[in-house]
Amino acid sequence: MELAKIIGIAIITAIICLVLKGKNDELCFAVAAAGGVVMLVAIIKSTAFYLVNVRNYFEQFNINTASFSVVLKALGICYLCQFAADLCRDFGQTAIAGKVELAGKCLILLLCAPLVGQITKIAAGYMV
Amino acid sequence: MDVEFIFKIAAIGIIVTVLNMLLVRSGREEQAMLTTLAGLVVVLLMLVNSIADLFSTVKSVFGL
């Protein structure tokens with residue numbers, strides 16, 4: 001992936017959307033969705049290498065990698081929810097976008113539930 | 001996942017729009033509506049495939 005490729009895809013998608021807007025709004029949505037998916041896949045595939053490196057650094061210094069994996073999962077949920085919510089919002093469906101974001105927030109909360117237990121255990125250990 | 005995917009969807013969109021305008025001008029509005037719906041269904045099927053691809057990429061990268 002290169003930045004020029006991503007920028008090119010973005011501009012081409014925006015222009016095609018402009019052509020279809022007003023004449024065929026549904027397919028304008030589909031083109032915007034397709035452009036978004038292609039760009040997101042390209043970006044994530046190229047940052048995967050860096051994320052694996054970060055995990056290796058954590059293992060090198062013997063930091064607990066379980067909590068880092070929670071951070072990574074939350075990041076993935078954020079990217080997906082942001083993509084869907086922005087797409088809905090672009091085409092006027094703000095309520096649906098809000099529901100998608102709410103789903104993402106609840107999922108991340110559920111993801112962090114074991115960590116809350118660990119924190120309270122550590123805090124209780126210090127308080128005694 | 002290529003730029004060609006976007007061009008395919010854009011091409012289907014433009015063809016469906018042109019057919020829609022032609023059919024409306026010649027008075028067959030129901031057929032125009034049916035053509036638009038058919039184009040939309042085809043495009044949605046392609047989109048669902050690519051969104052499934054996106055989800056599997058995100059799952060594999062972020063370990064979900």
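Just so it is clear, the values below take in all heavy atoms, side chains as well, and ignore hydrogens, waters and symmetry mates. Note that the structure is predicted; figures quoted are calculated from it, not measured.
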Asker: I want to check something: taking the side chain as every heavy atom from C-beta on, are Phe62(B) and Ile77(A) in contact at a cut-off of under 4.5 Å?
Answerer: no

Asker: Any side-chain heavy atom of Val61(B) within less than 4.5 Å of one from Lys45(A)?
Answerer: no

Asker: Could you report the tightest heavy-atom contact between Ile6(B) and Gly35(A), atom names first, then the distance?
Answerer: CD1-CA, 3.6 Å

Asker: Find the distance between CG (Leu54(B)) and CD1 (Ile44(A)) and round it off to the nearest 0.5 Å.
Answerer: 6.0 Å

Asker: Can you tell me which portion of Leu111(A) sits under 4.5 Å from chain B's heavy atoms? Options are side chain, backbone, both or neither.
Answerer: neither

Asker: Val43(B), Leu44(B), Thr17(B): which one forms the most heavy-atom pairs within less than 4.5 Å of chain A?
Answerer: Thr17(B)

Asker: Looking at every heavy atom in both Ala33(A) and Leu47(B), which two are closest together, and how far apart are they?
Answerer: CB-CD1, 3.8 Å

Asker: What residue in Ile9(A), Asn24(A), Thr47(A), Val19(A) has the most heavy-atom pairs under 4.5 Å with chain B?
Answerer: Asn24(A)

Asker: Considering only heavy atoms, which portion of Tyr79(A) lies under 4.5 Å from any heavy atom of chain B: side chain, backbone, both, or neither?
Answerer: side chain

Asker: Same cluster for Leu23(B) and Val42(B) if Ile/Leu/Val/Met/Phe/Trp/Tyr side chains link at under 4.5 Å?
Answerer: no

Asker: Rounded at 0.5 Å granularity, tell me how far SG in Cys28(A) sits from CD1 in Ile9(B).
Answerer: 12.0 Å

Asker: Checking Ser60(B) against chain A: side chain, backbone, both or neither under 4.5 Å from a heavy atom?
Answerer: neither

Asker: Let me confirm one number: the CG-CD1 distance from Leu87(A) to Ile51(B), rounded to the nearest 0.5 Å.
Answerer: 7.5 Å

Asker: Under 4.5 Å between side-chain heavy atoms, hopping through other hydrophobics if needed: is there a path connecting Leu72(A) to Tyr50(A)?
Answerer: yes

Asker: Could you tell me whether the side chain of Phe5(B) reaches within less than 4.5 Å of the side chain of Val38(A), counting heavy atoms only?
Answerer: yes

Asker: Is Ile12(A) linked to Ile43(A) within one hydrophobic cluster, defined over Ile, Leu, Val, Met, Phe, Trp and Tyr using a side-chain heavy-atom separation of less than 4.5 Å?
Answerer: yes

Asker: Report whether Phe55(B) and Leu75(A) are members of the same hydrophobic cluster (ILVMFWY, side-chain heavy atoms less than 4.5 Å apart, transitive linking).
Answerer: yes

Asker: Quick one: pull up OG1 in Thr57(B) and CG in Leu80(A) and give me the separation to the nearest 0.5 Å.
Answerer: 10.0 Å

Asker: Which distance, rounded to the nearest 0.5 Å, do you find between the CG of Leu27(A) and the CG of Asn20(B)?
Answerer: 10.0 Å

Asker: When hydrophobic residues are tied together by side-chain contacts of less than 4.5 Å, even through go-betweens, does Leu40(A) share a cluster with Val48(B)?
Answerer: no

